[in-house]
Amino acid sequence: MFSKILIANRGEIAVRIIRACRDLGISPVAVYSEADAASVHVGLCDEAVCIGPAPSLESYLSIPAILAAAQSTNSEAIHPGYGFLAENAAFARAVTEAGLKFIGPGAEAMEIMGSKTSARRAAVEAQVPIVPGTVEPLNSLAEAKTFAEQFGYPVMLKASAGGGGKGMRQVGSLAELQSGFESAQSEAASAFGDSAVYLEKVIARPRHIEIQVFADSQGNVVHLGERECSIQRRHQKVIEECPSPINDERLRETMGAAAVKLARTVNYVGAGTVEFLVADETRNFYFLEMNTRLQVEHPVTELVTGIDLVREQITVAAGARLSFDQEEVRWSGHAVECRVYAEDPENNFFPSPGKISYLQVPFGPGIRNDSGVELNSEVSIHYDPLISKLAAWGRSREEAIDRLRRALDEYQVGGIRTTLPFFREIVRDEEFKSAKLDTGFIDRFNQRRETTRAARGGEEQQCDDMAIIAGALHYFRLRKEASARQPAPGDAANRWKMHGRRSLLANHHLSAKGRKG
Ligand code: MV4
């Protein structure tokens, strides 16, 4: 086993990896940019190396700086987390060539999956169904026209070097094809430095369901079931759950077997995720892409299977056999995760950097909060503003959502705006509760929200929001001071609403800036 691992990341995922290192008796080494010197992940490590100024390109994306940090600290392995260099094959290769272990798959598997067209060819080889379309980039507009007619409109043009929906264009008819083709190419060129695009048939109202796979270096490959990730906003996942409310055991087994087959085909090692689109009515599934990293939403799989994915990544990278067989994987209960961002849901999810001046973190039965911040942390404009992932487990989906709702109400963040109020509304939404979760969910939810607000009148809503937040702050401060006294009856939300109304009536001291999350 390794005695020292360098973590080439920051924030909540660095903290998550540090915890797995500690469980295994491994000393974690942090890297940080000048903007992150005081951050949580640095404080939790035994050693920390400054790798450059705040901009990612000069710090968390600098391969030479990270390799130098690993060498100067005598680290034996590097965990890349997600984002930054996690899916950079050149980085994986450089780590290996420097005599260190890269905690992840081999560079070859990363390269195959990095190109969406070669990933589709690998899926064909593995006999995994792909979305109907081309497996090579389009060479010309004429070729685009031929294939669009072959597969039938509407079609989707996607960047070969892309993924996650960037550089994607839907084309409804021949009349739109030329402009769609040209704009997809130029967006691909500027986003990925590669203008190549390919074509897929459009799957109407799909669900996004992905399979967690795991492989060791001795040829054992298993799957850990699916995650439902259909609730997305601008191709960013918002809420994820395990299991998928539409997946039964048969579909899980079929999709799981397909994902395992694909992983085998590319000699995959470590944790990976195979994404599928699932058609609404037919439940046919189609390979979309494979992510060759630990994913943001891995906690929901951990909560339901009880398997520690990061621990397993580390032991497998050290050459150990997987600690479980496929038959030992059991799925118990249901987990739902919210990505809590420092963004303003009342202002088009605009980033809300700044200092966290108040923090009340939820705990209690079934709650897990993977966080990278603490009181007085600065949320920087330089990085992804994810502040924590709040997940709830319950024996049923209903119980998980009940606990998530309670935890969201308990969770208080002051000084910055967060997406917490948005989630508090989602967990109370009837469509969400009844699991009508196709890819149009967020648009429909936002429409319902606006309709409700218009009906209630904006001013009343604002007063209500202010009252709730003022009340929450007041209530939790009072509660701390008066912990010896018996709490009043009634649910917490109602009590702090009452506090809020009282304090609002008494004085209008709350500034707009202070009312958040
Ligand atoms: C699609 C699609 C329909 N047909 N591909 C791919 C990346 C993901 N972020 C969005 N992607 C889609 N690819 C074909 N051929 C619809 C989407 C899509 C989507 C998929 C899953 C969950 C939410 C989505 C929201 C918009 C579009």
Side-chain angles (χ1 to χ4, degrees), residues 82-83 87 113-117 119-120 123-124 128-135 137-138 144 147-148 150-173 176-177 180-181 184 187-188 191-192 197-211 226-242 244-247 255 273-293 295-297 300 337 339 349 384 426 431-432 435-447:
Y82 56 70
E87 292 177 281
M113 294 306 170
S115 156
K116 303 309 148 190
T117 37
R120 281 163 64 77
V124 172
V128 171
I130 61 172
V131 183
T134 69
V135 295
L138 299 165
F147 285 119
Q150 182 187 325
F151 293 106
Y153 290 100
V155 294
M156 203 72 103
L157 298 172
K158 296 185 176 184
S160 301
K166 229 185 251 168
M168 202 168 89
R169 283 282 183 292
Q170 185 167 330
V171 174
S173 67
E176 300 165 22
L177 188 63
F181 183 59
E187 198 175 312
F192 310 109
V197 298
Y198 68 102
L199 179 148
E200 286 179 2
K201 186 174 174 59
V202 167
I203 307 296
R205 282 200 169 206
R207 291 209 178 200
H208 173 127
I209 296 179
E210 58 188 30
I211 300 283
E226 80 284 3
R227 290 184 288 261
E228 163 77 60
C229 305
S230 296
I231 301 191
Q232 301 189 3
R233 194 186 158 272
R234 297 192 178 166
H235 306 306
Q236 292 289 324
K237 292 164 190 164
V238 174
I239 292 186
E240 306 97 350
E241 46 187 289
C242 175
S244 164
I246 64 156
N247 248 38
M255 292 176 79
T273 297
V274 182
E275 298 185 343
F276 295 97
L277 288 182
V278 180
D280 202 21
E281 346 72 70
T282 60
R283 303 241 170 141
N284 287 338
F285 63 86
Y286 307 94
F287 170 73
L288 199 55
E289 51 193 75
M290 181 172 188
N291 302 318
T292 57
R293 59 166 192 273
Q295 299 222 169
V296 176
E297 60 272 26
V300 292
E337 175 184 279
R339 295 190 186 186
F349 295 83
D384 185 65
I426 288 188
E431 247 186 57
F432 175 71
K436 294 189 184 112
L437 309 177
D438 63 76
T439 53
F441 177 86
I442 286 289
D443 286 340
R444 292 195 304 271
F445 172 73
N446 280 331
Q447 259 166 21

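As the structure lists them, so they are numbered: ligands from 1, and atoms in each ligand from 1. Here, residue 1 is the first one in the sequence, and each next residue gets the next number.
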In sequence, state the C-alpha distance, the side-chain angles, and the governing distance for L138 and F181, and then conclude on side chain to side chain contact (heavy atoms under 4.5 Å, CB included).
CA-CA 9 Å; L138 299 165; F181 183 59; 3.9 Å; yes

Check D280 with K436, please: is the shortest side-chain N to carboxylate O separation under 4.0 Å?
no

Which pairs of nitrogen or oxygen atoms, taken one from ligand 1 and one from the protein, are under 3.5 angstrom apart?
from	atom 1	to	atom 2	distance (Å)
ligand 1	4 (N)	I203	N	3.0
ligand 1	5 (N)	K158	NZ	2.9
ligand 1	9 (N)	Q232	OE1	3.2
ligand 1	9 (N)	H235	ND1	3.2
ligand 1	13 (N)	K158	NZ	3.1
ligand 1	15 (N)	E200	OE1	2.9
ligand 1	15 (N)	K201	O	2.8

Using a distance-only test with no angle check, is there a side-chain donor-acceptor pair under 3.5 angstrom linking N247 and E228?
no

Side chain to side chain contact (heavy atoms under 4.5 Å, CB included), that's the test. Do R339 and E297 meet it? Break it down for me.
CA-CA 9 Å; R339 295 190 186 186; E297 60 272 26; 3.0 Å; yes

Residues in side-chain contact (heavy atoms from CB on, under 4.5 Å) contact with Q150, at least two apart in sequence or another chain:
F147

Would a 4.5 Å heavy-atom cut-off, applied to side chains only, mark E87 and M113 as touching?
no

